[in-house]
S.K.: 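Take a look at this one; I'll ask things after.
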Amino acid sequence: MRLTVLGSAAGGGFPQWNCGCPQCVAVRGNHADFQGRTQDSVAVTRDGESYVVVNASPDVLEQIKRTRALWPRAPRHSPIRAIVLTNGDMDHVLGLFALRESYPFALYATEAVWRGLEANAFLRTLQRFEGHVVWRRLEIGHDMEIRDAAGESTGVHLRAFAAPGKLPVHLMGGTPSPEDNVGLVFHDGSAPRRSAVYLTACAHLETRSDLEGHAALLFDGTFYREDELVRLGLSQAVAKDMAHVPITVDDGRGSLARLSSLPGRKIYTHINNTNPILSKSSEERRIVEAAGFEIAFDGMDITL
C-alpha cells in the first residue's frame, strides 16, 4: 500500500493568500529554506489503479494536476474511487464541489459530518444524477473495506476512531458528537498487517492507544507553540482554541514529547504557515528531526 501526501499545509495553504508573515513572504520570494504547500490531503492506493483520497481541499484540482497517478486513463475517467472526510471543516469539503463533473464517486463520512453537509443546499450540486455521489457511513471502531460508487473494492481498508476536536464554525450551535472529528487507520487487509494512521486535527493527547502499533503516523503539526499566533501578533487565539495540540508545551503535553517513543515513521503534516518547522534551517526543525520526526511535503510517498 502506498500513501501520497497531496497537501501538507493547514487551512489556507503556504503561503496563505492574505498573510504577510515572514515565512509567507519568504516562500513567495522563492527562499531556499521554504517550499510552497497546498492544503492537507492524502491519496491511498493498494494497486496503483484505484485511489482513495482523504479530504477534498480547495486545492484538489491543483493536487490532481500535480499527481500523475491521479490523471484520467480515458476520456471520461478518474482513478479516484472514493473520498473520505475526517470532519466537516471547510478546508476538507470545499474541494468536493470542484469534483462535480458528472463522474460518480463514493463519499465516506460519519453520520454527524454527513448531516452537516446535507444541511447545505450546495450539496445538491453533487447529486446531478442518481448515484453521482454515494454516501457510505464511517462507523467509529469498525474495520471496513473501501468500495467505489458501484460497490467495487478499492483494496484499501480503514478504521475510523474518534479524535478530540471541535465543530467547524459553520456547524456551531449543533450538538457535539464523537463523530465530529476522526482519525483514520489504513491497511490493505493482508497479513501481517502494516498500517498507517492519518490524524491531522487533534485537540489533545490524553490517550494515544489508537496511534500505537503502526508503520507510519501522519500527525497534526499545525502549531509548534501554543501561543504561536499571539507571538506574531496575528490573533489572540491559541492552539487549543482551534483544537490543535502544539508540538511543544512546557509541561510535556506537546505531541513531540508524547509521541517520540512510538516505533515506526512519525510525520508532521497539516502545518500552519506560521510554524517555524517549515524553515529547513530553523532550530525548531532541528529539534523535531532530532526526535525522529519527518516533515511532510506535497508529493511525499509513504510505502508500507
Side-chain angles (χ1 to χ4, degrees), residues 3-18 36-45 50-72 76-110 113-128 132-136 138 146 148-149 154 156 158 160 165 168-171 180-182 184 186 198-201 218 220 222 269-273 296-300:
L3 293 81
T4 300
V5 176
L6 301 180
S8 54
F14 183 57
Q16 183 173 301
W17 71 277
N18 63 339
R37 296 159 186 271
T38 59
Q39 295 168 80
D40 89 290
S41 179
V42 65
V44 187
T45 185
S50 296
Y51 283 81
V52 175
V53 169
V54 180
N55 295 325
S57 89
D59 299 319
V60 67
L61 296 186
E62 178 63 22
Q63 291 166 345
I64 292 171
K65 181 180 175 183
R66 291 179 178 181
T67 310
R68 190 181 186 91
L70 299 183
W71 292 2
R76 281 290 186 271
H77 174 267
S78 173
I80 299 173
R81 303 297 191 189
I83 294 172
V84 182
L85 301 180
T86 56
N87 55 39
D89 285 355
M90 295 297 277
D91 51 327
H92 291 166
V93 303
L94 281 177
L96 291 174
F97 303 109
L99 302 176
R100 69 190 187 285
E101 304 302 334
S102 301
Y103 195 81
F105 59 85
L107 180 61
Y108 284 77
T110 64
V113 170
W114 183 253
R115 282 200 306 269
L117 290 176
E118 278 193 314
N120 191 318
F122 280 111
L123 189 71
R124 296 171 195 158
T125 197
L126 295 177
Q127 296 291 1
R128 299 173 77 176
H132 187 183
V133 175
V134 177
W135 171 55
R136 295 209 170 90
L138 269 184
I146 302 297
D148 67 13
T154 64
V156 175
L158 72 73
V169 173
H170 59 282
L171 296 179
D180 289 333
N181 183 56
V182 299
L184 304 171
F186 287 100
Y198 192 73
L199 178 57
T200 60
L218 289 100
D220 184 346
T222 309
T269 189
H270 193 276
I271 306 165
N272 198 55
N273 63 87
F297 55 88
D298 292 17
M300 181 184 202

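Below, each value reflects all heavy atoms present in this structure, side chains not excepted, and no hydrogens, waters or symmetry copies.
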S.K.: Just by modelled atom types, is the A296 backbone N or O under 3.5 Å from a matching donor or acceptor in the R37 side chain?
M.R.: yes
S.K.: Can you find a pair of side-chain heavy atoms, one from I64 and one from L99, that are under 4.5 Å apart?
M.R.: yes
S.K.: Run the side chain to side chain contact (heavy atoms under 4.5 Å, CB included) test on I146 and Y108 for me, step by step, so that the C-alpha distance in whole Å, both residues' side-chain angles and the decisive distance to 0.1 Å come before the verdict.
M.R.: CA-CA 9 Å; I146 302 297; Y108 284 77; 3.7 Å; yes
S.K.: If only atom types and distance count, is the side chain of N55 paired as donor or acceptor with the main-chain N or O of S41 below 3.5 Å?
M.R.: no
S.K.: For the atom pair CG (D40) and OG1 (T200), what is the distance rounded to the nearest 0.5 Å?
M.R.: 4.0 Å
S.K.: Determine whether a donor-acceptor pair (N or O, by modelled atom type, separation under 3.5 Å) exists between the side chain of D89 and the backbone of D91.
M.R.: no
S.K.: Would you say F186 and L218 make side-chain contact, with heavy atoms under 4.5 Å?
M.R.: no
S.K.: Could you report the tightest heavy-atom contact between T269 and S8, atom names first, then the distance?
M.R.: OG1-CA, 3.4 Å
S.K.: Kindly say whether A109 contributes a backbone atom to a donor-acceptor pair with the side chain of W135 at under 3.5 angstrom?
M.R.: yes
S.K.: How many angstroms lie between atom CD1 of I80 and atom CG of D148, to the nearest 0.5 angstrom?
M.R.: 13.0 Å
S.K.: Determine whether a donor-acceptor pair (N or O, by modelled atom type, separation under 3.5 Å) exists between the side chain of Q63 and the backbone of Q39.
M.R.: yes
S.K.: Step by step, work out the side chain to side chain contact (heavy atoms under 4.5 Å, CB included) result for L138 and V84.
M.R.: CA-CA 9 Å; L138 269 184; V84 182; 3.8 Å; yes
S.K.: Looking only at heavy atoms, what is the nearest atom pair of I83 and F105, with distance?
M.R.: CD1-CE1, 3.9 Å
S.K.: Do you know the tightest heavy-atom contact between R136 and A106?
M.R.: NH1-CB, 3.5 Å
S.K.: Specify the closest pair of heavy atoms between G11 and H270, including all atoms of both residues, with the distance to one decimal.
M.R.: N-NE2, 4.2 Å
S.K.: With the side chain counted from C-beta on, respond yes when Y51 and L70 share a heavy-atom pair under 4.5 Å apart, and no when they do not.
M.R.: yes
S.K.: Does any non-hydrogen side-chain atom of V93 lie less than 4.5 Å from one of L117?
M.R.: yes
S.K.: What I'd like to find out is whether the side chain of R66 reaches to under 4.5 Å of the side chain of D298, using heavy atoms alone.
M.R.: yes
S.K.: What I'd like to find out is whether the side chain of W114 reaches to under 4.5 Å of the side chain of L107, using heavy atoms alone.
M.R.: yes
S.K.: I'd like to know if the side chain of S57 and the backbone of D59 have a donor-acceptor N/O pair within less than 3.5 Å.
M.R.: yes
S.K.: Would you check if the side chain of N181 reaches a backbone N or O of N87 as a donor-acceptor pair within less than 3.5 Å?
M.R.: no
S.K.: Yes or no on side chain to side chain contact (heavy atoms under 4.5 Å, CB included) for T86 and H92, after CA distance, side-chain angles and deciding distance?
M.R.: CA-CA 8 Å; T86 56; H92 291 166; 3.5 Å; yes
S.K.: Do T45 and T4 touch side chain to side chain, with heavy atoms closer than 4.5 Å?
M.R.: no
S.K.: Looking only at atom types and distance, does a side-chain atom of T38 sit under 3.5 Å from a main-chain N or O of L6, one as donor and one as acceptor?
M.R.: yes
S.K.: Where is the tightest heavy-atom contact between D220 and A201, given as atom of each residue plus distance?
M.R.: OD2-CA, 3.5 Å
S.K.: Mark yes or no for whether T110, through its side chain, and V113, through its backbone, hold a donor-acceptor pair below 3.5 Å.
M.R.: yes
S.K.: Of all the heavy-atom pairs spanning R100 and H132, show the shortest one and how long it is.
M.R.: O-CE1, 3.5 Å
